[in-house]
**Q** 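Shown below is the structure under consideration.
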Amino acid sequence: MKQILILLVLLSVETVFAQDKTLALATACAACHGSNGVSANPLWPNLAGQKAEYLAKQMRDFKAGRRQDPLMSPMAQTVADADIDKLAQHFANIKP
Amino acid sequence: MHFAWLLLLLISNDVWARPEYALRIGNNRCTSCHYSPAGGGPRTLEGKYFGAAGGQLSPASKQPYAGADIKILHYIPEKHTDSRGGTGVMAVNIFATMELAPKTDGQPEYRVLAEQNLGGFGSGPRQLYMRVTADQPLKTSWKPQHLLFGRIIPPFGLMTDEHRTYVRILTATPWNTGFDMGVLASANPYDSLHYDLAVFNGQKNNGQAPAANQATTWGGLLNLRWMPNRMPLMLGASGSYYEKEVGKDAPVAMSAYGILSFHRLTGYRFPASLLFEFAAADNWNNSTLTGQMITDAAYGTSLAKSASNGFLAQLNWDLNPKWQLNYKFDRFTPDRDFPDDYYERHGVGARHNFLPNQWVMMRVESARATHPTEKNGTKMGALDAVLIVLNLAI
């Protein structure tokens with residue numbers, strides 16, 4: 001059991017330092033908007049190829065309460081302002 | 001028969017609540033994914049999509065009126081005998097739900113939900129309730145935003161996808177296999193704070209056909225969950241009091257629990273969640289429950305009215321959308337006056353999501369009992385085990 005725990009810790013350390021932060025954050029979006037920015041749910045928008053400025057504005061509107069959604073409003077609160085622009089650019093760069 | 005009881009008491013057989021998902025996205029409202037405001041159980045269409053993690057749903061799943069969950073278990077305990085191990089259907093749960101009338105602006109929504117276990121252990125009726133939801137349920141308010149009337153799952157303690165825990169045993173809240181009849185009120189006074197307040201009647205008979213003295217049995221339960229939006233942390237507390245049987249000591253239980261999201265703490269670079277729960281109970285260790293895990297019957301009987309403690313810690317690490325690793329530790333001290341006598345268990349496992357909302361889980365568990373008559377016991381409390389669960393959801 002101890003060997004397994006040590007292995008888990010080593011693997012987790014490797015994971016933490018290996019991932020790009022924007023890519024890591026984007027995994028949070030993928031649950032609803034798809035890993036490639038294309039949503040499986042017709043009620044949730046595709047993000048791939050969307051204009052970065054538009055995406056960033058929507059995120060900031062959710063965060064400030066100017067736009068309301070039961071899932072997006074609280075989620076936007078967890079994203080730092082500096083990361084919003086990076087995430088927006090990440091999805092804007094994906095070809096749908 | 002013993003095998004069936006053990007599974008019924010210790011293993012969940014419904015859609016498993018995942019509060020770590022809620023914490024990950026900073027959402028303290030369970031109705032974003034579940035019909036019950038207390039969380040867990042039948043999922044909304046959004047909940048099915050969220051659980052699919054970006055994957056496609058089947059045409060049958062793409063509707064909000066019904067769903068099904070099927071769980072199949074293969075259980076291999078140490079000292080394997082025919083009565084304790086093997087493969088079985090845990091549950092075939094189906095549910096249906098619909099609005100009782102079209103929702104109009106300014107008026108609450110009235111909805112009914114019925115759930116049935118068609119097969120497996122504990123087959124029969126499950127939840128059956130009417131839910132009344134305020135016109136604007138996303139507003140913050142101390143007034144109840146959701147009221148449930150009927151047969152429900154008591155929202156006690158950490159509602160997690162890990163139900164094979166000692167804290168469930170000692171508080172007699174085997175999540176998703178215990179039901180109460182009554183009223184549940186839930187609301188978010190603040191976005192970060194959620195409460196569930198319930199009053200039950202007929203708890204003694206699990207909310208089914210009335211029994212003698214039922215009218216004088218009642219229970220109360222309060223659950224608080226705090227999820228500050230700017231912190232990767234969720235903390236909660238539950239308390240319950242039941243006048244379970246007339247003239248007998250009333251069972252009392254409390255739970256303090258929490259989750260730490262490494263997803264948010266590390267900007268998703270270490271996508272893991274640490275769940276923990278401490279629970280204490282008086283007069284809850286009934287002999288049926290302890291009899292499943294305690295080899296020495298006399299010792300089990302002597303614990304029926306003892307005050308007990310339990311602790312759970314679990315790490316869920318999402319390697320990628322397809323694979324999750326789990327480590328679980330839990331400890332049960334059946335009598336806190338004798339803290340050296342306890343049951344302890346470590347478990348390491350993995351879950352593979354082979355399709356959206358469909359997964360298979362395997363876990364290896366190492367158990368230890370310290371009481372002199374239990375060290376080499378032949379029941380669950382002292383036995384190592386291997387579990388494999390196949391979960392199919394529609």
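Just so you know, these numbers use all the heavy atoms, side chains as well, and skip hydrogens, waters and symmetry mates. In the text below, chain A, chain B and the rest are named by the order of the sequence lines, each starting its count at 1.
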**Q** Tell me if the NZ atom of B:Lys139 is crowded by more than 12 foreign heavy atoms within 6.0 Å.
**A**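 It does not: B:Lys139 NZ has 12 such atoms or fewer within range.
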**Q** How far does CD1 of B:Ile25 sit from SG of A:Cys29, to the nearest 0.5 angstrom?
**A**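 One gets 11.0 Å once the value is rounded to the nearest 0.5 Å.
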**Q** Need one label for B:Asn229: side chain, backbone, both or neither, based on atoms under 4.5 Å from any heavy atom in chain A.
**A**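 B:Asn229 touches chain A through backbone and side-chain heavy atoms alike.
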**Q** With a cut-off of 6.0 Å (strictly less than), are more than 12 heavy atoms of other residues, nucleotides or ligands near CZ of B:Phe276?
**A**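 Yes, the 6.0 Å shell around CZ holds more than 12 heavy atoms from other groups.
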**Q** Between B:Tyr49 and A:Ala40, what is the shortest heavy-atom contact and its length?
**A**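 Nearest heavy atoms, B:Tyr49 then A:Ala40: CE2-O, 3.5 Å.
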**Q** So for atom NZ, which belongs to B:Lys62, do other residues, nucleotides or ligands contribute more than 12 heavy atoms lying within a distance under 6.0 Å?
**A**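 Enclosed.
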**Q** What residues form a side chain to side chain contact (heavy atoms under 4.5 Å, CB included) with A:Lys63, not counting sequence neighbours?
**A**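 Partners of A:Lys63 under the side chain to side chain contact (heavy atoms under 4.5 Å, CB included) test: A:Ala76, A:Gln77, A:Asp81, A:Ile84.
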**Q** Mind running side chain to side chain contact (heavy atoms under 4.5 Å, CB included) on A:Leu71 and B:Asn27 for me, showing each step along the way?
**A** CA-CA 7 Å; A:Leu71 281 170; B:Asn27 189 332; 3.8 Å; yes
**Q** Where do A:Leu43 and B:Glu46 land on the side chain to side chain contact (heavy atoms under 4.5 Å, CB included) test, with the steps shown first?
**A** CA-CA 9 Å; A:Leu43 298 177; B:Glu46 286 73 19; 4.2 Å; yes
**Q** Could you measure the distance from the CG atom of B:Asp191 to the OG atom of A:Ser73? Nearest 0.5 Å is fine.
**A**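 Spacing of CG (B:Asp191) from OG (A:Ser73) equals 8.5 Å.
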**Q** Nearest 0.5 Å, please: how far is CD in B:Gln56 from CG in A:Asn41?
**A**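 Going from CG on A:Asn41 over to CD on B:Gln56, the span is 9.5 Å.
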**Q** Tell me, for A:Ala28 versus chain B, whether the close heavy atoms (under 4.5 Å) come from the side chain, the backbone, both or neither.
**A**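 Backbone plus side chain of A:Ala28, per the 4.5 Å heavy-atom cut-off to chain B.
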**Q** What side chain to side chain donor-acceptor pair (under 3.5 Å) pairs are there with at least one residue in residues 87-96 of chain A, not counting sequence neighbours?
**A**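 Matches after skipping sequence neighbours: A:Gln89-A:Asn93.
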**Q** Is it the case that more than 12 heavy atoms not belonging to B:Phe354 sit under 6.0 Å from its CZ atom?
**A**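 Result for CZ/B:Phe354: enclosed.
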**Q** What part of B:Arg230 gets within 4.5 angstrom of chain A, counting heavy atoms only: side chain, backbone, both, or neither?
**A**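 The side chain, not the backbone.
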**Q** Give, as side chain, backbone, both or neither, the part of A:Ser39 having an atom under 4.5 angstrom from any heavy atom of chain B.
**A**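 Neither part; nothing is under 4.5 Å.
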